[in-house]
Visitor: 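Would you mind keeping the following structure in view while I ask a few things?
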Amino acid sequence: MPEYLPLIIVCAVIGAFTVVFLGAYIVLCHRTKNTAGERHMADMEIVKRLLKYAVPYKKEFVLVFVIMLVSIAYDVVSPLLVGKIQGIIKGNFALPELYRMVAVYALILVVSMVCTYFQAMILQEVGQKILSQLRLDIFSRIESLSHEQLNQIPVGKLVTRVSNDPNAISYLFTNILVTLVKNTMVIFGVLGAMLVLNYALTLMVLCFVPFLILFTIVFQKFSRTVHRKVNNARTDVNTYLSENLSGMKITQIFNREDQKMEEFVGKSRTLARSKYQRMFVFGIFRPMVYMLFVTSNLFLFYIGCRGYIQDTTFLGQVITSEIVVSFYMYISKFFNPIQTLAEQFDMLQQSFASAEKIFTILDMVPEIVDEPDAVELDEIKGEIEFKDVWFAYKPGEWVLKGVSFHVYPKQTVAFVGSTGSGKTTILSLITRNYDIQKGQILIDGIDVRHIKIASLRRHFGQMLQDVFLFAGDIRSNILLRSEGISDEQVWEAARYVNADGFISRLDKGLDEPVRERGNNFSAGQRQLLSFARTIIHKPAVMILDEATANIDTETELLIQDSLEKMKNIGTMLIVAHRLSTIQHADNIILLSHGVICEQGTHQELLHRKGRYYQLYTLQYQKQQLTKGTN
């Protein structure tokens, strides 16, 4: 019994560590019992949904599995070969036999390395294809969401879902799952070889497994918590950056750089602290597993070397130096996969967390969808009718209240009124950016809900106050990547809306680079480009929402001339605050608090001397005062 006293002391030390870890685990479980960071999807549900992305590549995964079996043979066989080499060296040393064993060992090693290479290449190719498909699915779903749904999600979160989260899913298929399967097979293969080689020493090694399992469970609990903190903190940083980089000019105008920097530093420090916590958890777990590994080796050497490298016995079995050498390698190959498995399980949970966030987007049901019997319209005349339309962005807060009007083909109709009266809302409802709660909207006598959304919007051209230009060149922004349109047609559209003048003065013409949001062009130039973008697609209905609000007088004259030309193309709907720009409209509709107050031509409304007359008189007096001041 005294000879085993050192072993008992070491076991007591390990037991003390176990008690400390159990205490920490219980405290953490109590603290995180009701936290909101827990996932709401079961692991098996996530696995089933992720496997759908792997099904098209099942042949590749089967091939990887076969290659993996060959590479596993190295882990199982190599310790036996090294043990035999030890036996050759210890016994009657025969150099040819040693060469033969070393050659076999080298051959197995080379085969294993080749298999590992092909395994990695196949998985990387499959992983990139799955990654691309995931991103396409997420982006496609985001494109299908309504304006209301997009308004509820910060852009930074959407960017994270499309860019960062799929990477974790790709890593799941290229590394985690294969490593989990491989390491599990290695563990059982090594365990079987150890039992055949010497079951007594194998039982000694297995005594450490309960402690290893316990440490792994505790580690997973802590690591899952810190990984969530890291992911949430990273998402917060991305969201903050997305918003504040877009609004940097406002920050500079109001001299709030220091405040924004302080806020960003705070979020960055939160991310750094969460990463430190993750490093701390890994810094505790890895040494603990290594402690068990070293302890098991010490036990092996203590038990196997008591006979001073001569054969000894343990639990009735003989332990030779060959067995000690082989077991030393087997213990390493037994503990390393277990440690890797623990970390892989943690990364698996991280991938599941990313997958759940992705599925949260994919599971969003688009609010604006085609009805089963929706029709495709090859062309429309441009007749629009509102019948007792009621609409609210929020339940009970009506923006439109029983609005009814009729727009005939090729008419120009203007909507005027104070901010919040419902002008822009009407234009959004016509193209089904939102769906109404009551009433009916008809296009050529057909309810817009019975028309396919893509077909409906294809016949509309929208020119907004805030023109959005994409990074690229002028040609791509006019065409919006449409094919089959020649440069001559692009120039023709530009000439039609008076945009050819400034384009021709540019060094590269249509190939002139456009920076992000078109910030290297003036507001008027961007507006003219949006007109050309609309005209080239020959819409039946054109929508202008405050298209002349933020431009200079010279550009306004060009745009007014363009508008006169565009009236001949189709129906035109205009929202304008400056009443001087809509005097020639066929019908002017005055809105107030979601209700139509007046409608008629410019002269008719002035003759009535109602609300429109008051607005026009007020604006006219203001213009005269401004001219007098200048």
Visitor: Can you sort out the partners of K452 under side chain to side chain contact (heavy atoms under 4.5 Å, CB included), two or more places apart, ordered by chain and number?
Guide: D370, A374, E376, S455
Visitor: Using salt bridge (Lys or Arg N to Asp or Glu O under 4.0 Å) as the criterion, list what pairs up with R234, not counting sequence neighbours.
Guide: none
Visitor: Excluding sequence neighbours, so at least two apart, what forms side-chain hydrogen bond (donor to acceptor under 3.5 Å, both in side chains) with Q259?
Guide: R256, E263
Visitor: Taking only residues two or more places apart in sequence or in another chain, which ones pass side-chain hydrogen bond (donor to acceptor under 3.5 Å, both in side chains) with E257?
Guide: none
Visitor: Run the salt bridge (Lys or Arg N to Asp or Glu O under 4.0 Å) test against K438 and tell me which residues pass, sequence neighbours left out.
Guide: none
Visitor: With sequence neighbours left out, which residue pairs that include part of residues 161-176 fulfil the salt bridge (Lys or Arg N to Asp or Glu O under 4.0 Å) condition?
Guide: R161-D165
Visitor: Name all pairs fulfilling the side chain to side chain donor-acceptor pair (under 3.5 Å) condition that reach into residues 51-62, sequence neighbours left out, sorted by first residue then second.
Guide: Y53-D137
Visitor: Return each pair, listed once, that meets salt bridge (Lys or Arg N to Asp or Glu O under 4.0 Å) where at least one residue sits in residues 119-133; pairs must be two or more places apart or across chains.
Guide: E125-K129
Visitor: Does S274 have any side chain to side chain contact (heavy atoms under 4.5 Å, CB included) partners at least two apart in sequence or in another chain, and if so, which?
Guide: K229, V230, A233, L271
Visitor: For Y393, what residues pass the ring-ring contact (aromatic ring centres under 6.0 Å, His included) criterion, not counting sequence neighbours?
Guide: F391, Y434
Visitor: Among all residues two or more places apart in sequence or in another chain, which pass the ring-ring contact (aromatic ring centres under 6.0 Å, His included) test with F173?
Guide: none
Visitor: Applying side chain to side chain contact (heavy atoms under 4.5 Å, CB included), name anything that partners S144, two or more places apart in sequence or on another chain.
Guide: R141, P366
